[in-house]
Number of protein chains: 2
Amino acid sequence: MPRWESDAQGRLERAALELFETQGFERTTVAQIAGAAGLTERSFYRYFPDKREVLFAGSELEAHLVARVETAAPDLMPFEVLLTALGTADEVFRSREFLLRRVKVIAANPALAERDLIKLADVAGALARALERRGVEPGEARFIADVVIAIARRATSRWLADPAATLSELIAQAAAELREAVTP
Amino acid sequence: MPRWESDAQGRLERAALELFETQGFERTTVAQIAGAAGLTERSFYRYFPDKREVLFAGSELEAHLVARVETAAPDLMPFEVLLTALGTADEVFRSREFLLRRVKVIAANPALAERDLIKLADVAGALARALERRGVEPGEARFIADVVIAIARRATSRWLADPAATLSELIAQAAAELREAVTP
DNA sequence: TCGATGACAACAGATGCTGTCATCACCGCA
DNA sequence: TGCGGTGATGACAGCATCTGTTGTCATCGA
């Protein structure tokens, strides 16, 4: 394989997204992805632990959010800490076009939707541990993190459909919606 | 299979739980489960679409909750509807001993944890659709359902650790905790 | 009694994923 | 210029999951 080509991982990710879009996830084999990227099937598994992960490896969202939590003002309430961290999440997103293609592919396949869910749950777990380091009790930390992830889903869903709004606006809007809903 | 024997599906479920406990999920093959239940590997797949599902097939939780939502008083707020439905969820749970064994097996394996998450997400989706039938806008319905599922996780986690408390008490407690957390 | 139905076994095959070893390009260094 | 080390890759073998298909047997209803 020529060395002047860009890195193998990026080629695999692009080839996989392309193939998943045209053929569907299940109908494309790992050998096809690897072949389109100029590698062998075995080499694919050197870059990604399994076939699904090729769509999820690039994100640095978790590290970004955790860093924001760790540098948040000490007197902030846990919920507010996560909310303000979330408001800056668009800093690590790739282009909206890429996100939309990815979302469509994921939504079209149950196995990928599963992986997406567990990735979000991983983020929730990391956020919960970050809260624990601020002194929040573990059970409550996980609870608040789960709720904030729900807010994130609500906000990003609107964000993908409405390019005009900023993510932090939509986060605040979802939080207000939640307060409204839970108030008797 | 003789009629006086218990059904094949139940035998497969029990054999699988047993084997997963002693050998771990990955190290037990479908052929082993089927063999322990007196069936062939091929027959296993007539009862369950895949190996993981043998641990998740029995639950009628979703149908129970949806039924509760559909018979709820029309003037209740969406959040309250789901909360009161959740409070009756213990009516469809099996024995605590069975639940604990199951939880341990699931927690010990990432693939099973994934499936557990997606099952909860399925419940959230069903609850959201039930809310839509009451006139709630789809995006908000899903949002509220996700939040209520977070409440459910918080409550059941406490419930498994504390046999004394009732589930509906713990649900109300988690809801109060949420109101407290989101109030500025 | 006969035909339909359903449960099951048996077999073949595609695919995901892993372990192992050989190979080759490149690197620093003498 | 040549040498050895290192890391990436290819080649190959193998196991397990899951699917499609077919044949057999028991059961059930007309």
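Note on naming: letters A, B, ... go to the chains in the order of the sequence lines (proteins, then strands), and numbering restarts at 1 for each one. Computed from a predicted model, the values in this text were never measured in an experiment.
Legend: residues meeting side-chain contact (heavy atoms from CB on, under 4.5 Å) with B:Asp75, ordered by chain and number and at least two apart, are B:Ala73. Shown here are the side-chain contact (heavy atoms from CB on, under 4.5 Å) partners of B:Arg101, two or more places apart in sequence or in another chain: B:Leu17, B:Glu18, B:Glu21, B:Glu97. Contacts of A:Phe48 classified as ring-ring contact (aromatic ring centres under 6.0 Å, His included), with partners at least two apart in sequence or in another chain: A:Phe44. A search for side chain to side chain donor-acceptor pair (under 3.5 Å) contacts involving A:Glu70 returns A:Arg133, not counting sequence neighbours. For the side-chain contact (heavy atoms from CB on, under 4.5 Å) test, no residue two or more places apart in sequence or in another chain qualifies with A:Ala107. Taking the side-chain contact (heavy atoms from CB on, under 4.5 Å) definition, one finds that A:Ala63 meets it with nothing, sequence neighbours left out.
Cation-pi geometry between A:Arg14 and A:Phe98 is not satisfied (NZ or CZ under 6.0 Å from the ring centre, within 45° of the ring normal).
Within the structure, salt bridge (charged side-chain N to carboxylate O under 4.0 Å, His left out) contacts touching residues 36-45 of chain B (residues at least two apart or in different chains) do not occur. Annotation: side-chain hydrogen bond (donor to acceptor under 3.5 Å, both in side chains) contacts involving residues 139-149 of chain B, sequence neighbours excluded, comprise A:Arg153-B:Asp146, B:Arg142-B:Asp146.
For the pair B:Thr183 (side chain) and B:Arg179 (backbone), a donor-acceptor distance under 3.5 Å is present.
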Acceptor/donor pairs from residues 114-127 of chain B side chains to any protein atom, 3.5 angstrom cut, sequence neighbours excluded:
unit_1, atom_1, unit_2, atom_2, d
B:Glu114, OE1, A:Arg52, NH1, 2.9
B:Arg115, NH1, B:Asp50, OD1, 3.2
B:Arg115, NH1, B:Asp50, OD2, 3.3
B:Arg115, NH1, B:Glu53, OE1, 2.3
B:Arg115, NH2, B:Asp50, OD2, 3.1
B:Lys119, NZ, B:Glu53, OE2, 2.5

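For B:Tyr47, a side-chain nitrogen or oxygen approaches OP1 or OP2 of C:dC8 to under 4.0 Å. A close approach under 4.0 Å does not occur between any side-chain nitrogen or oxygen of A:Thr40 and OP1 or OP2 of D:dT9.
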Would you tabulate the pairs of protein nitrogen or oxygen atoms and nucleotide nitrogen or oxygen atoms of nucleotides 24-26 of chain D closer than 3.5 angstrom?
none

With the criterion being N/O to N/O and under 3.5 Å, what pairs connect the protein with nucleotides 15-19 of chain D, and how long is each?
unit_1, atom_1, unit_2, atom_2, d
D:dT17, OP1, B:Val30, N, 3.4
D:dT17, OP1, B:Lys51, NZ, 3.3
D:dC18, OP2, B:Tyr45, OH, 3.2
D:dC18, OP2, B:Lys51, N, 2.8

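Rounding to whole angstrom units, CG of residue B:Leu12 and P of C:dA7 are separated by 13 Å. Taking atom CZ on A:Arg11 and atom P on D:dT9, their separation rounds to 8 Å, with Å as the unit. Between B:Asp7 atom CG and C:dC8 atom P the separation is 10 Å, expressed in whole Å.
Taking every heavy atom of residues 105-117 of chain A and every atom of DNA chain C, no pair lies under 4.0 Å.
Residue-to-nucleotide contacts include a donor-acceptor pair under 3.5 Å from the side chain of A:Arg46 to the base of D:dG10.
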